[in-house]
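Since the structure comes first, as structure tokens, the remarks are kept for the end.
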Amino acid sequence: MRYTVMAAGVLVALAAGGPVWAQGDVIAERRAGLGGLGQTMEAVANTVRSGGDTRALVPRIEAMSAFMTTLPNLVPAPSLTPPQAQGTNPGQTRALAAIDANRADFQTRANTMQTAFATLRTAAASGSIPPDLLRSTGGTCGACHQQYRAR
């Protein structure tokens, strides 16, 4: 009997905590993907500034584009600010609740980023990315940040 009550208590605790853990996983996955985007854009910028061959960057740019297809699904309402605390610590986020209020626009911006990355990938595959293209791609990233990320 005592074990049955303890087991039931554990199940209740797990069921109550499940959504919190799932949200933390979504936040961590989103944060890792966006961090990878930033690192790749930095690598692209460094290569463009140095006049280096950009062909080696193609797989990283393709990975960025693939991540953008998943991003709209990585921002469920419970993982946004609010209700989550704003910040960069585990379980916190800088993704604003405005995403949930403007899902169609957020999806459009993700699609626009995929198009920008496709153009960037084509240029990288040629061996050279024009600085204007890099600036344009960065501007597309930044436009989403202005609307949907807390400072």
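Positions are given from 1 along the sequence. The shown structure was predicted, so the numbers you read here are calculated from the model rather than taken from an experiment.
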Looking at [X] and [Y], what are the two nearest heavy atoms and their distance?
| X | Y | answer |
| --- | --- | --- |
| Asn102 | Tyr148 | CB-OH, 3.2 Å |
| Pro72 | Arg103 | O-NH1, 3.5 Å |
| Arg31 | Thr88 | NH1-O, 3.5 Å |
| Pro83 | Pro78 | CG-O, 3.8 Å |
| Arg60 | Ala43 | NH1-CB, 3.5 Å |
| Ala110 | Met68 | CA-CE, 3.8 Å |

Could you give me the CA-CA distance, side-chain angles and deciding distance for Thr140 and Arg109, then say whether side chain to side chain contact (heavy atoms under 4.5 Å, CB included) is met?
CA-CA 8 Å; Thr140 302; Arg109 288 174 189 252; over 6 Å; no

I'd like to know if the side chain of Gln107 reaches the main chain of Ala104, judged simply by a donor and an acceptor atom lying under 3.5 Å from each other, with no hydrogens or angles considered.
no

Examine distances only and state if a side-chain atom of Ser65 and a backbone atom of Ile61 form a donor-acceptor pair shorter than 3.5 Å.
no

Stepwise side chain to side chain contact (heavy atoms under 4.5 Å, CB included) check, Arg151 with Arg94
CA-CA 7 Å; Arg151 314 259 183 275; Arg94 294 187 337 186; over 6 Å; no

Are Val58 and Phe67 linked, directly or through other ILVMFWY residues, by side chains that come within less than 4.5 angstrom of each other?
no

Check the hydrophobic clustering (I, L, V, M, F, W, Y; side-chain heavy atoms under 4.5 Å; chains of links allowed) and say if Val75 and Leu96 are grouped together.
no

When you compare the side chain of [Y] with that of [X], does any pair of heavy atoms fall below 4.5 Å?
| X | Y | result |
| --- | --- | --- |
| Ser126 | Arg55 | no |
| Arg121 | Glu62 | yes |
| Gln92 | Thr81 | no |
| Pro76 | Val26 | yes |
| Thr115 | Asn111 | no |

Could you walk me through whether Arg135 and Asp132 pass side chain to side chain contact (heavy atoms under 4.5 Å, CB included), step by step?
CA-CA 5 Å; Arg135 277 191 290 280; Asp132 287 345; 2.3 Å; yes

Spacing of [atom1] belonging to [X] relative to [atom2] belonging to [Y], to within rounding of 0.5 Å:
| X | Y | atom1 | atom2 | result |
| --- | --- | --- | --- | --- |
| Ile99 | Ser79 | CD1 | OG | 7.5 Å |
| Cys144 | Leu34 | SG | CG | 9.0 Å |
| Arg149 | Cys141 | CZ | SG | 10.0 Å |
| Arg30 | Asp25 | CZ | CG | 12.0 Å |

With side chain to side chain contact (heavy atoms under 4.5 Å, CB included) as the test, would you mind laying out the steps for Asp100 and Phe106 before giving the verdict?
CA-CA 9 Å; Asp100 198 45; Phe106 189 74; over 6 Å; no

With Met64 as reference, evaluate Met113, Gln114, Gln39, Met41 under the side-chain contact (heavy atoms from CB on, under 4.5 Å) test and give the passing residue.
Met41

Check side-chain contact (heavy atoms from CB on, under 4.5 Å) between Thr54 and all other residues, then give those that pass, not counting sequence neighbours.
Thr47, Leu57, Ala124, Ile129

